[in-house]
Asker: 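Quick one: this structure, given as structure tokens, is what I'll be asking you about.
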Amino acid sequence: MLSFCRDSAWKYLQSTHLGGDRTYSHYTSRDFSSQFGLEDFLCTDDIPGTDEDTDSAVLFGTLRGNVVGLRYYTGVVNNNEMVALQREPNNLYDKNAVKVNNVNGNQVGHIKKELAAPLAYIMDNKLAIVEGVVPYGAKNAFTMPVQMSFWGKEENKQTVLDKLKMHGFKLAPPSKSSEFGFGSSWVSGRAGPSYSAPGHAAVQMTTEQLKSEFDKLFEDLKEDDKTHEMEGAEAVGTPLLPHQKQALAWMVSRENSKELPLFWEEKNSFYYNTLTNFAEKERPETVLGGILADDMGLGKTLATIALILTNFHDGKPLPVEKIKSDQLHKVAWLSGKKTIFSFSLLFFSLSPEETSCNVEPNISNVKKKSETIQSQYSSSRPKSKKLEDAVHSWFLHPSDWSTGSVQSVKKNDSEEGPRTTLIICPLSVLSNWIDQFEQHIRPDVHLNIYVYYGPDRSKDPAFLSKQDIILTTYNILASDYGSRGDSVLHRLKWLRVVLDEGHTIRNPNAQQTKAALNLEAQRRWILTGTPIQNSLKDLWSLLSFLKLKPFTDREWWHRTIQRPVMLGEQGALRRLQALIKNITLRRTKTSKIKGKPVLELPERKIFIQHVTLTEEERKIYQSVKNEGKAAISRYFNEGTVLAHYADVLGVVLRLRQLCCHPHLCTNTSSSSCQIGDTPEELREKLVNKMKLILSSGSDEECAICLDSLNLPVITHCAHVFCKPCICEVIQSEQPNAKCPLCRNELRVEHLVECPPEESDSSIEKKGDREWISSSKINALMHALIDLRKQNPAVKCLIVSQFTTFLSLIETPLKESGFVFTRLNGSMAQKKRVQAIQSFQDSQTGSPTIMLLSLKAGGVGLNLTAASRVFLMDPAWNPAAEDQCFDRCHRLGQKQDVVITKFIVKNSVEENMLKIQKKKRELAAGAFAAKKLTVSEVKQTKINEIKSLIDL
DNA sequence: ACCGCCGGGTGCC
DNA sequence: ACCGCCGGGTGCC
């Protein structure tokens, strides 16, 4: 019921997706392989027709046709307006019917049936995408002309031409300006007499060129009117830094803006869209929001909190109403039995239903629950007054609530419309938001915050709509939305929706994207540190979320911006830049305000501490290395290195593990799968390979959804995906599904799942083994003890990609009397929060060390209590290391940060450093670096392997 | 639609 | 006239 009408958009979407599974995988496979730092290693060049259909499309030519039946429809167009052609296969009168819609999606008419016949064939078989522009005659009563452009893959061109010829039509060959609607020459008549060579209208830019152009897009965003500053409302408990005041001023002005959106003009009481030439009487909705694309650590969360409080209602701030403490009953509310995060800070009024169904009127029960909360929060954060009070208030008998001793909040009684801000974030930053609310909202402010998370979350619309802020995750949003597309979150209208880490919705086919796009809100914000992560394509869902007309429909985005930019069309990039500038605020860590850096972070120094293995360790290392080297040499001789990628990776992994500790190397020799293997043997080998990949410290990302692996499964060709993702691919490519990464045959029944975590038992197994130290552990302990002598209060992060290594480190830490905590990627949310909070606590007796797995947490993680980092083993990807360092070297860090990398001499680790160095240079260097050919790329990868194991 | 097309009415000059 | 011509009815797919 909420989904707005955009049939043509979805049609379009499907048409580019179907048969596009393979095409899609190309561009994702780069990400996938980059997780190993061996880009393009996985032979993406073997995949034919790799880019999205729409990207590799060329213009076949143009054709003038007629739109008929105008009498019967309400949709109107202007001269030179773009129109959408949409198949209507269920038309009662003609199976070949092709509808013509205006930019708004209103039907204008039909394509005349003689032309509709070949068009239907072309469109149904996806031989070409057909786009229309009405050159003149827009005001005709019965029929009007339409200039059609046919875009498709080169190999389909002849089929299209033949089909049209069969029906007596002939395409005019493309001429330079014929395909765009921007005041071009053909408008006045037929495409010019030019018979220039068909094909690309312009030379396509290389990825590097485009990327550097994208970077430029953001370069000048800081100037113009975005330097205005605004103080936060009284309710904001934290003083804002200058750049945060700018963000606030900009966000408030965006929310209260009355300006027409970009590319719209008012003309004779009509509103014209200058890109599509669409016009309508109704004023296009002003986009009350935008993209806050500041670098990580500049305080996007704080800016958003400040916005919520400062532009609370009617352009006015949330009033701070001083209340006497004896009148103040602080109530925490626990929804159901297990959810800990379902609490409300201070006040809110419960609806009778909520009271009766979620809170059992049983004092001992309530006490028990509150004690659980208390042990989980209060003990770790005794200074958190607010929460402590909240917990104490639990001891109020629930009957008090109905006798009225808990006042319901009276706030903004005059308020009309929705009052609630819905914030959606990845689970990993949920707790960060809760922390920041506590930190930045003045304690005497009435604000209802509800964390919509956990199995017992309230789905009562009356209750939810009474909240000021609701916090939830993309996963909850998507799973609530489900297949039926309705959920309480989608039934309610929100004052404001904020998407944190907004690039999460870059994939238009992902469920969470669809769920986010269908939320109804007055004001819409996207917070992200990486606005264009992979390509221009990623921008569409963001713009669609912002409801920026006409880009909510992908066809118009594609025709007016994406394709013109990709084809390097004159002015297209400027158009894109204007667009981004209009809705985005971006500052980087190096941005300056009035000559001063936006953030003055303490220094960050990186030291490399070389470690020499003991003779014993070196012996083991050498034997494993020789063995692996022999195997890899064999692959080289056979020319099968690339086919044995997982095995090569395995050899390298074992060597890396041996550099850390001999016990890490669990002899799961993943010998390659042989034909003679029994199903059990094969299965076991695949499971081992999968574990290898999952534990190798590389990004655990699925190449299909680009997100972290959800129910990882391994294919017979040894590639790992989310089970739902790969099943969908198999489904849609039936009966001959192929692996998106290597094009080997795929079958659902061949997918092997990861057996349930046995890490606990394996750790215990390790525990049975007698603990021994290692050279690296010795080096670490030496450094830690030294450091403690100098300053016992200093806090350290100990980072490794191997969680078992972190477990091994626990033993000497305990022996030497260090208080430590631990954070793994796999930890339950509540445990994580606990670990982070106790570590960030500055009290004496709090942990001074955190054992951190390299990938744990994600972007939002704030560990500024630490000023020392010990990186136990180098990562493939230097960016992953940097991101990890940024968790303590960020806003809030007061001390210089010293990072120590332990590197074993004469080992694979040193070689990894060399590769890292190359990568850094490549990343920093000019994008002008020429694109490597396929064979050059392969050679590079082979060289990397060789240098890794000294071949 | 100030068209095309259809089909009924009509029929020397 | 098994035609031509006239003029009314009619009109997307």
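Each chain gets a letter, A, B and so on, in the order the sequences are listed, and its residues count up from 1.
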Asker: List the residues meeting ring pair (Phe, Tyr, Trp, His ring centres under 6.0 Å) with A/Trp525, not counting sequence neighbours, and say none if there are none.
Answerer: A/Trp250
Asker: Classify the side chain of A/Tyr73 and the base of C/dC12 as holding, or not holding, a donor-acceptor pair under 3.5 Å.
Answerer: yes
Asker: Kindly give the atom pairs (protein nitrogen or oxygen, nucleotide nitrogen or oxygen) under 3.5 Å for nucleotides 4-6 of chain B.
Answerer:
none

Asker: Grab the CG-P distance between A/Leu115 and C/dC12 for me, whole Å please.
Answerer: 17 Å
Asker: Output the rounded distance in Å from NE2 (A/His110) to P (C/dC12).
Answerer: 11 Å
Asker: What is the distance, to the nearest angstrom, from the CG atom on A/Asn140 to the P atom on B/dC2?
Answerer: 14 Å
Asker: Output all residues satisfying ring pair (Phe, Tyr, Trp, His ring centres under 6.0 Å) with A/Tyr272, sequence neighbours left out; order by chain, then residue number.
Answerer: none
Asker: Tell me, please, which residues at least two apart from A/Thr74 pass side-chain hydrogen bond (donor to acceptor under 3.5 Å, both in side chains).
Answerer: none
Asker: When the distance from NZ of A/Lys113 to P of C/dG11 is rounded to whole Å, what number comes out?
Answerer: 13 Å
Asker: What's the CG-P distance between A/Leu119 and C/dC12, to the nearest Å?
Answerer: 19 Å
Asker: A/Asp124: what forms a salt bridge (Lys or Arg N to Asp or Glu O under 4.0 Å) with it, not counting sequence neighbours?
Answerer: A/Arg87
Asker: Do A/Asp94 side-chain and C/dC13 base share a donor-acceptor contact under 3.5 Å?
Answerer: no
Asker: What is the separation between atom CZ on A/Arg71 and atom P on B/dC3, rounded to the nearest whole Å?
Answerer: 17 Å
Asker: Would you measure the distance from the C1' atom in C/dC13 across to the matching atom in B/dC2 and give it in whole Å?
Answerer: 26 Å
Asker: Expressed as a whole number of angstroms, how long is the span from A/Lys112:NZ to C/dC12:C1'?
Answerer: 9 Å
Asker: Compile the donor-acceptor pairs under 3.5 Å between side chains in residues 258-268 of chain A and protein atoms, sequence neighbours left out, one pair per line.
Answerer:
unit_1   : atom_1 : unit_2   : atom_2 : d
A/Trp264 : NE1    : A/Lys549 : O      : 3.2

Asker: Decide, applying a 5.5 Å centre-distance limit and a 30° plane-angle limit (both strict), whether A/Phe142 stacks on C/dG11.
Answerer: no
Asker: With C1' as the reference atom in both, quote the distance from B/dA1 to B/dC5 in angstrom, rounded to an integer.
Answerer: 12 Å
Asker: Just call it for A/Ile111: base, sugar-phosphate, or nothing, with non-hydrogen atoms closer than 4.0 Å on any strand.
Answerer: sugar-phosphate
Asker: Output yes if the stacking criterion (under 5.5 Å between centres, under 30° between planes) is met for A/Tyr72 over the base of C/dC12, else no.
Answerer: yes
Asker: For the CG atom of A/Leu59 and the OG1 atom of A/Thr62, what is their distance to the nearest 0.5 Å?
Answerer: 7.0 Å
Asker: Can you tell me the distance, in whole Å, between the NZ atom of A/Lys99 and the C1' atom of C/dC12?
Answerer: 13 Å
Asker: Is there a Watson-Crick or G-U wobble partner for B/dC3 with both distances under 3.5 Å, and which nucleotide is it?
Answerer: C/dG11
Asker: Does a side-chain heavy-atom distance below 4.5 Å link A/Ile111 with A/Val146?
Answerer: yes
